[in-house]
Amino acid sequence: MLIGIPPLLGPQLLAALRAMGHGDEIAIVDGNYPAEEQARRLIRADGHHVIPVLDAVLSVLPVDETAPEALFRASVKGDPVLADAVHREMEAVCARRAPGHKVIALAGADFYARVKAAHAIVATSEPRLYANIIIRKGVIQPPETDKK
């Protein structure tokens, strides 16, 4: 256990988040997603659902401020116009943790391609379909220095 770090973030996930550089992406996916087959780096979050994992990750990971789009979600049946309740929950978490960033819905093939290119995939036990999101990592600005 660590002070200020959500216990849901295990050592493997924390290491992956820390190793990511600016612009790297991490996908958090549901229990049906073919994560084992597509991951460059697979992190298991068995027993956890997508929303708590997303909330925990966004509590420590800066979202890219320089890219016009930095949060991406899967679409119902590959149609970006369609959204399920889980997508509204994702948007609420992102609005709270990464204000000013819109969650972009991607068509099926575009989403799968982006996940395959991600730095890592976090595979959850989320039972809801299309409950997948990608986060593009930003930077933490250095502290202001006093120029006296």
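Side chains are part of it too, since the values below use all heavy atoms of this structure and drop only hydrogens, waters and symmetry mates. Residue numbers run from 1 in the order of the sequence given.
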Exercise. With no hydrogens and no angle check, is any side-chain donor or acceptor of Lys137 less than 3.5 Å from a backbone partner on Leu61?
Worked result: no
Problem set entry | Gly23 versus Arg136, closest heavy-atom pair with distance | O-NH1, 3.5 Å
For this session: Please report the shortest heavy-atom distance between Ile43 and Ala16, naming the atom on each side.
Result: CD1-CB, 3.4 Å
Exercise. Any donor-acceptor pair under 3.5 Å linking the side chain of Asn132 with the backbone of Asp30?
Worked result: yes
Exercise. Hey, any chance Val103 and Ile121 share a hydrophobic cluster, counting ILVMFWY side chains that come within less than 4.5 Å of each other, even indirectly?
Worked result: no
Seminar exercise, completed: dist Leu58:CG -> Ile28:CD1 (nearest 0.5 Å) comes out at 6.5 Å
Problem set entry | Non-neighbouring partners of Glu65 that pass side-chain hydrogen bond (donor to acceptor under 3.5 Å, both in side chains), sequence neighbours left out | His101
Problem set entry | Non-hydrogen side-chain atoms of Gln141 and Val139 separated by less than 4.5 Å | yes
Exercise. Is it true that Ile51 and Tyr33 fall in one hydrophobic cluster, defined by side-chain heavy atoms closer than 4.5 Å?
Worked result: no
Seminar exercise, completed: OG (Ser125) and NE2 (His49) are apart, to the nearest 0.5 Å, by 6.5 Å
For this session: Identify the heavy atoms of Ala19 and His119 that sit nearest to each other, and give their distance.
Result: CB-NE2, 4.3 Å
Problem set entry | Connected via hydrophobic side-chain network under 4.5 Å: Val57 and Ile133 | yes
Exercise. Taking C-beta and beyond as the side chain, do Thr124 and Val29 meet within less than 4.5 Å on heavy atoms?
Worked result: no
Donor-acceptor contacts, no H, no angles, side chain residues 107-117, under 3.5 Å, sequence neighbours left out:
| from | atom 1 | to | atom 2 | distance (Å) |
| --- | --- | --- | --- | --- |
| Arg114 | NE | Glu25 | OE1 | 2.9 |
| Arg114 | NE | Glu25 | OE2 | 3.2 |
| Arg114 | NH2 | Glu25 | OE2 | 2.8 |

Problem set entry | Pairwise side-chain contact, Leu54 with Met90, heavy-atom cut-off 4.5 Å (strictly under) | yes
Identify every side-chain donor-acceptor pair in residues 72-80 under 3.5 Å, counting partners at least two apart or on other chains, and give the distances.
| from | atom 1 | to | atom 2 | distance (Å) |
| --- | --- | --- | --- | --- |
| Arg73 | NH2 | Leu82 | O | 3.4 |
| Ser75 | OG | Leu106 | O | 2.6 |
| Asp79 | OD1 | Val81 | N | 3.0 |

For this session: Determine whether Met20 and Leu71 fall in the same hydrophobic cluster, where Ile, Leu, Val, Met, Phe, Trp and Tyr are linked whenever their side-chain heavy atoms lie under 4.5 Å apart.
Result: yes
For this session: Can you sort out the partners of Ser59 under side-chain contact (heavy atoms from CB on, under 4.5 Å), two or more places apart, ordered by chain and number?
Result: Pro6, Arg97
Exercise. So, do Lys102 and Cys94 sit near enough that their side-chain heavy atoms are less than 4.5 Å apart?
Worked result: no
Seminar exercise, completed: Hits for salt bridge (Lys or Arg N to Asp or Glu O under 4.0 Å) against Arg40, two or more places apart or cross-chain, chain-then-number order -> none
Exercise. So, does Glu126 use its side chain to make a donor-acceptor pair with the main chain of Ala131 at under 3.5 Å?
Worked result: no
Exercise. In terms of hydrophobic clusters joined by side-chain contacts under 4.5 Å, are Leu8 and Val50 together?
Worked result: yes
Problem set entry | Gln12 side chain vs Leu42 backbone, donor-acceptor pair below 3.5 Å | yes
For this session: Output all residues satisfying salt bridge (Lys or Arg N to Asp or Glu O under 4.0 Å) with Arg96, sequence neighbours left out; order by chain, then residue number.
Result: Asp55
For this session: Would you sort out whether Leu2 and Leu9 count as a side-chain contact (heavy atoms from CB on, under 4.5 Å), showing the intermediate values?
Result: CA-CA 10 Å; Leu2 297 170; Leu9 299 177; over 6 Å; no
Problem set entry | Derivation and outcome, side-chain contact (heavy atoms from CB on, under 4.5 Å), residues Asp84 and Arg128 | CA-CA 9 Å; Asp84 278 343; Arg128 294 180 286 183; over 6 Å; no
